[in-house]
Every structure is written in C-alpha cells, then in structure tokens.
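Because the structure is a prediction, the values reported are computed rather than measured.
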Amino acid sequence: MSEITYVRGDATTPSGKGVKVIAHVCNDIGGWGKGFVLAVSRRWPEPETAYRAWHRDRARNDFGLGAVQLVRVDRYLWVANMIGQRGIRTGSKGVPVRYEAIGTALGTLADRAVELGASVHMPRIGCGLAGGKWSRVEPLISDRLTTRGVAVTVYDHDG
C-alpha cells in the first residue's frame, strides 16, 4: 500500500515521472473563480472550459455531487474536476464541503488513475474555501486511492 507524500510546492506543477492527474474539488453550482481553480486556469484553459460546459449541459450528463470529469491538458497530464461541495457559502447547513461526495469522486478517480497508470497530485482538497477538515479528507484519500496502489502527493503551497 502506498502512503500519501506531503511536499511544499505548487500542485499545478506536479513532480515525478509518468502520467499524472491533478485532482481538485469543485462546487455543484457552476462557479469557478476562487481558490485553487485560479491556479489551474492560469496554466490551462481546458479544465475551466470543460467544467463550465459540463455544468451547462448537466440535464444531459452526470454533473452533480460525487461526479468526476477528467480533462487532458498535456500528453501525460490530466486535471480531475471533482464535484465535492454543495454551493459556495457557509450557511444553515454548515460548510460547503461534502465528504461523501469527495469519497465517491476519489473512488472514481482511483479507477481512472489505475487505468492510466497515473499518480495523483492535489492541494489539501476540500479544506480551503469548501471549509473541510483535513482530518476527514485524508482518510478518504487513503481508503480510495492509496489502498489501490495509487501514489498520491499532497502539496502545501508556500505563501
């Protein structure tokens, strides 16, 4: 079984060789404009374009909590848009993060990572604007990804 590797750095410039997937959490209302997605959009237009089209056509596709959209941005690099938060604001139902949806998305991501022979790279998903706790997200990553032999690197950004 693999372990999660923690490094300082930018998850949009993943380290190592081979096929890589950058995973991040998106909301279920079509919003893209704060947090880690800004760093993604600075590097590649495709993930945002694909996410917005996926949301726009949601009546005819699987867009919703727990869904995953893999977008190829380079020969050996993909971005996984994972729907893991309900809305964007903390309100009467608490913070936007939805751990069950993140768990479901990570399970789907694991299947795709195994198919691609890819490692997975991410910031501390669900713990920024979504308001989640890493102590709840980390076990989901271990359970869904590392137990399947998928190498996971988590990036803590400087600054």
Side-chain angles (χ1 to χ4, degrees), residues 3-14 20-71 73 78-113 119-148 150 152-159:
E3 293 293 313
I4 299 172
T5 302
Y6 291 88
V7 299
R8 287 217 159 283
D10 180 353
T12 65
T13 55
K20 297 185 239 351
V21 177
I22 298 169
H24 70 107
V25 168
C26 302
N27 62 64
D28 67 347
I29 61 168
W32 181 292
K34 284 190 172 163
F36 183 70
V37 297
L38 294 178
V40 170
S41 290
R42 275 196 293 273
R43 302 265 337 236
W44 313 279
E46 298 92 345
E48 178 180 358
T49 301
Y51 169 80
R52 291 189 185 280
W54 189 29
H55 177 261
R56 189 173 50 248
D57 298 332
R58 64 193 176 281
R60 294 181 296 286
N61 64 39
D62 67 345
F63 184 95
L65 286 171
V68 179
Q69 179 189 52
L70 248 70
V71 182
V73 295
W78 301 75
V79 172
N81 294 332
M82 304 187 302
I83 310 300
Q85 68 180 75
R86 162 94 53 214
I88 55 173
R89 290 195 171 61
T90 298
S92 60
K93 292 188 169 66
V95 294
V97 71
R98 292 296 179 265
Y99 298 110
E100 188 176 305
I102 290 174
T104 300
L106 289 170
T108 302
L109 176 59
D111 293 340
R112 295 299 310 276
S119 55
V120 173
H121 304 259
M122 64 180 73
R124 291 188 186 236
I125 58 169
C127 296
L129 296 170
K133 292 184 173 26
W134 188 246
S135 61
R136 299 267 315 268
V137 176
E138 186 183 44
L140 296 171
I141 295 167
S142 296
D143 185 51
R144 304 301 198 289
L145 291 165
T146 60
T147 58
R148 301 267 316 267
V150 176
V152 177
T153 303
V154 173
Y155 295 75
D156 287 315
H157 203 279
D158 294 322

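Summarising the geometry of Pro123 relative to Ala23, their closest heavy-atom pair is CD-O, 3.5 Å, with the distance given to 0.1 Å. Of all heavy-atom pairs spanning Ile83 and Ala101, the tightest one is O-CB, 3.7 Å. The two atoms that bring Ala105 and Met82 nearest to each other are CB-CB, 3.8 Å, heavy atoms only.
A tilted orientation is assigned to the rings of His24 and Phe36, their planes being inclined by 30° to 60°. Under the 30°/60° scheme for interplanar angles, the aromatic rings of Tyr51 and His55 are found to lie parallel.
Put simply, OG1 on Thr104 and CD on Glu100 are 5.5 Å apart, with the number rounded to the nearest 0.5 Å. With rounding to the nearest 0.5 Å, the separation of CD1 in Ile102 from CD1 in Ile141 is 8.5 Å. For the atom pair OG1 (Thr12) and CE (Met122), the distance works out to 14.5 Å, reported to the nearest 0.5 Å. The line from CD1 of Ile125 to CD1 of Ile22 is 13.0 Å long, rounded to the nearest 0.5 Å. Summarising the geometry, atom CG belonging to Leu140 is positioned 9.0 Å from atom OH belonging to Tyr99; distances are rounded to the nearest 0.5 Å. Considering CZ of Arg43 and OG1 of Thr13, their distance stands at 6.0 Å, rounded to 0.5 Å.
Ile4 places a side-chain heavy atom less than 4.5 Å from the side chain of Glu138. Side-chain atoms of Thr90 and Pro96, non-hydrogen and from C-beta on, do get closer than 4.5 Å to each other. You'll find the side chain of Asp10 reaches within 4.5 Å of the side chain of His157, heavy atoms only. Between Trp54 and Val71, the closest side-chain pair of non-hydrogen atoms is not below 4.5 Å. Counting heavy atoms from C-beta on, the side chains of Asp111 and Arg148 come closer than 4.5 Å.
Remark: side-chain polar atoms of Asn81 are not paired, donor with acceptor, to backbone N or O of Cys26 under 3.5 angstrom. Although no hydrogens or angles enter the test, the distance criterion places a donor-acceptor pair under 3.5 Å between the side chain of Gln69 and the main chain of Ala50. A donor-acceptor pair is defined here as one N or O able to donate and one able to accept, closer than 3.5 Å; no such pair exists between the side chain of Asp62 and the backbone of Ala67. In this structure, the side chain of Gln85 engages the main chain of Gly87 through a donor-acceptor pair within 3.5 Å.
Under the salt bridge (Lys or Arg N to Asp or Glu O under 4.0 Å) criterion, the residue pairs touching residues 46-57 are Glu48-Arg52, Asp57-Arg60, with sequence neighbours excluded.
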Check: residues 129-137 side-chain donor-acceptor pairs under 3.5 Å, at least two apart:
from	atom 1	to	atom 2	distance (Å)
Trp134	NE1	Tyr6	OH	3.0

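Asp28 has a carboxylate O that lies under 4.0 Å from a charged side-chain N of Arg86, or vice versa, which qualifies the two as a salt bridge.
Under the side-chain contact (heavy atoms from CB on, under 4.5 Å) criterion, Thr153 pairs with Thr5, Val7, His121, Tyr155, not counting sequence neighbours.
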